[in-house]
There are 2 protein chains.
Amino acid sequence: MASSRADPYRALFHKLAMLNSLSAEELDGIKSLPLRPQRFRAGATIISSGQLVSECCLLVEGYACRHKLASDGGRQIVSFHVAGDILDIQHLLFEKADHNVQTITDAEVVFFPMRDLRRLIEERPEVGKALWRDCLVDASIFREWVLNVGRRDARMRIAHMLCEFAAKCEAAGLGSPAQFTLPMTQEDIGDATGLTSVHVNRMLRQLADEGLIARAGREIRIADWPRMQEAADFQPDYLHLAA
Amino acid sequence: MASSRADPYRALFHKLAMLNSLSAEELDGIKSLPLRPQRFRAGATIISSGQLVSECCLLVEGYACRHKLASDGGRQIVSFHVAGDILDIQHLLFEKADHNVQTITDAEVVFFPMRDLRRLIEERPEVGKALWRDCLVDASIFREWVLNVGRRDARMRIAHMLCEFAAKCEAAGLGSPAQFTLPMTQEDIGDATGLTSVHVNRMLRQLADEGLIARAGREIRIADWPRMQEAADFQPDYLHLAA
DNA sequence: ATCCAAGGTTGATCCGGAGCAGCCAAACGT
DNA sequence: ACGTTTGGCTGCTCCGGATCAACCTTGGAT
């Protein structure tokens, strides 16, 4: 990871540009928001469930996830995030966090005061629309995850999770299905798919044995992307990457 | 079900009033939207995945659900809906449906042209804020469902689903945990919780044997609400029913 | 009054993934 | 260079929930 600070807006603007046509004034509006950068170590908790939140958190570099805890202590990851993702836009309208946000790798984030963001949205409704759209994509992904953990078997669940992550990385300019980094542990993958890390390990091996993926450390290569999508029941429509 | 048409706004305004302080002008703006009422039989499909949608669908009476299909034909219900719920607000910003909307009972809905709704939101940003909030609540519920199907055992999953539905019904003025109607079949409950209808049946019996619920036809009574919430790991915060 | 279709109920068997245990390899701090 | 920690890997056993198969109940339709 680079030791110098990355441009905090690059990844976000790259994402916004794909789907929304924001004017230079609107982007300047975002740039003029006061911000507070902060670095977190891998595994650090950025936001805890129940906490009152008055800032909006943008992931600038690294990887993060959101998760909830069951009464028996079981952890369910509900989303993975890459640079450019806003991690808690829901606090624009809710005071209290209903889930946790945690880093997966060392990460750099910036915080915007929610109050200033609200004002910007009032002045520049197009910015609000872009962020609203982002919420809707999030919700669509959650729906797909309900399907994934509710109705697919272990092998397919993991294949699907890999496809989605590959697609997200590609959209963020962090690689392609043919070559990307899988930053999370097998334990994390288990917590995202409702499986144990032991079983994740076996399924990854099986996918590799089938020639669907090739692993080298944390680098993953999917040689035959259409075949992998088929095996994963992955239809990327729900990511709404195209307008 | 009453044969005469219900006031299409009553349930929606009841819900909006709980969390948003919309002015009379803003509510009148909603009332002035052109609308097209339509009745559907139980089990009818209102919106199909992949379809282009240019109207917004409000459930006025009856019950509905949203679901996705896996490649093996398995159905995963991702949400249940009661009167007052908007069933597809995401089409405000997405053209194409990424999941299906289906009635559970005979139902009455009204359609608003999305174009007019967009215009209203531009003129009355508070209306947009109220709808945005609704999307965020939806997303929060999806996250809880991921946890439910990913990390809870069958008994708890069903108990949780019952608690959530009871809370939603109560908020909509359709009963209370002490007495409400469960309109869906055990097959539906299975499709929502990632279980088979056979196993749903056994778990419902078990919950009844434990005295947590009492069933009479499709009427459910939860005598000891705190004990049931405990058994279900149900903490209603994620529904964001309070401001 | 009778038929029939849905949905609810119960029993028997099977299997996918959990749980447990232990080992190995790489990365890290000192 | 060395111990320690963290994550990856593998074998074995067990169980929760799926699957298959009937049968029962209820409510419409005729």
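Keep in mind that the numbers below use all heavy atoms, side chains included, and drop hydrogens, waters and symmetry copies.
Scanning residues 204-215 of chain A for heavy-atom distances under 4.0 Å to DNA chain D yields A/Arg205, A/Arg215.
Distance check: B/Asn100 CG to B/Cys65 SG gives 9.0 Å after rounding to the nearest 0.5 Å. Atom-to-atom distance recorded for B/Gln102:CD and B/Leu87:CG is 12.0 Å, nearest 0.5 angstrom. The CZ atom of B/Phe165 sits 9.0 Å away from atom CD1 of B/Ile189, with the distance rounded to the nearest 0.5 Å. The distance from the CG atom of B/Leu136 to the CD1 atom of A/Ile89 is 8.5 Å, given to the nearest 0.5 Å. Atom NZ of A/Lys68 sits about 13.0 Å away from atom CH2 of B/Trp145, to the nearest 0.5 Å.
Side-chain atoms of B/Gln90 and B/Asp88, non-hydrogen and from C-beta on, do get closer than 4.5 Å to each other.
Electrostatic pairing of B/Glu144 and B/Arg152 counts as a salt bridge here, judged by a charged N lying under 4.0 Å from a carboxylate O. Under 4.0 Å is where a charged nitrogen must lie from a carboxylate oxygen, and between A/Asp224 and A/Arg227 at least one such pair does. One finds a salt bridge joining B/Asp191 and A/Arg151 here, because a Lys/Arg side-chain nitrogen approaches an Asp/Glu carboxylate oxygen to under 4.0 Å.
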Next on the checklist: Evaluate A/Asp233 against A/Arg157 for salt bridge (Lys or Arg N to Asp or Glu O under 4.0 Å), listing each step before the verdict.
Outcome noted: CA-CA 9 Å; A/Asp233 187 20; A/Arg157 266 186 234 185; over 6 Å; no
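Bounding nucleotides for the chain B contact on DNA chain C, 5' to 3', at a heavy-atom distance below 4.0 Å, are C/dG7 to C/dA12.
For the pair B/Arg151 CZ and D/dG17 C1', the computed distance is 17 Å after rounding to whole Å. Nucleotide D/dT25 holds its P atom 14 Å from the CG atom of B/Asn201, rounded to whole Å. Summarising the geometry, the separation between CD on B/Glu187 and C1' on D/dT19 is reported as 13 Å, rounded to the nearest angstrom.
Looking at heavy-atom distances under 4.0 Å, A/Gly194 makes contact with sugar-phosphate atoms alone, never a base. Here A/Thr196 lies in heavy-atom contact (under 4.0 Å) with sugar-phosphate atoms only.
Checked by atom type and distance alone, the side chain of A/Asp72 pairs as donor or acceptor with a backbone atom of A/Gly74 at under 3.5 Å.
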Under 3.5 Å between N/O atoms: give me all the protein pairs with nucleotides 11-16 of chain D, atom names plus distance.
{"residue": "D/dG11", "atom": "N7", "partner": "A/Arg202", "partner atom": "NH1", "Å": "3.3"}
{"residue": "D/dG11", "atom": "O6", "partner": "A/Arg202", "partner atom": "NH2", "Å": "3.2"}
{"residue": "D/dC12", "atom": "N4", "partner": "A/Arg202", "partner atom": "NH2", "Å": "3.3"}

Please write out each protein N/O paired with an N/O of nucleotides 5-7 of chain D under 3.5 Å, distance rounded to 0.1 Å.
{"residue": "D/dG7", "atom": "O3'", "partner": "A/Arg218", "partner atom": "NH2", "Å": "3.4"}

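Under the salt bridge (Lys or Arg N to Asp or Glu O under 4.0 Å) criterion, A/Glu55 pairs with A/Arg36, sequence neighbours left out.
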Can you give the donor-acceptor pairs under 3.5 Å from side chains of residues 41-50 of chain B to other protein atoms, not counting sequence neighbours?
{"residue": "B/Arg41", "atom": "NH2", "partner": "B/Asp106", "partner atom": "OD2", "Å": "2.9"}

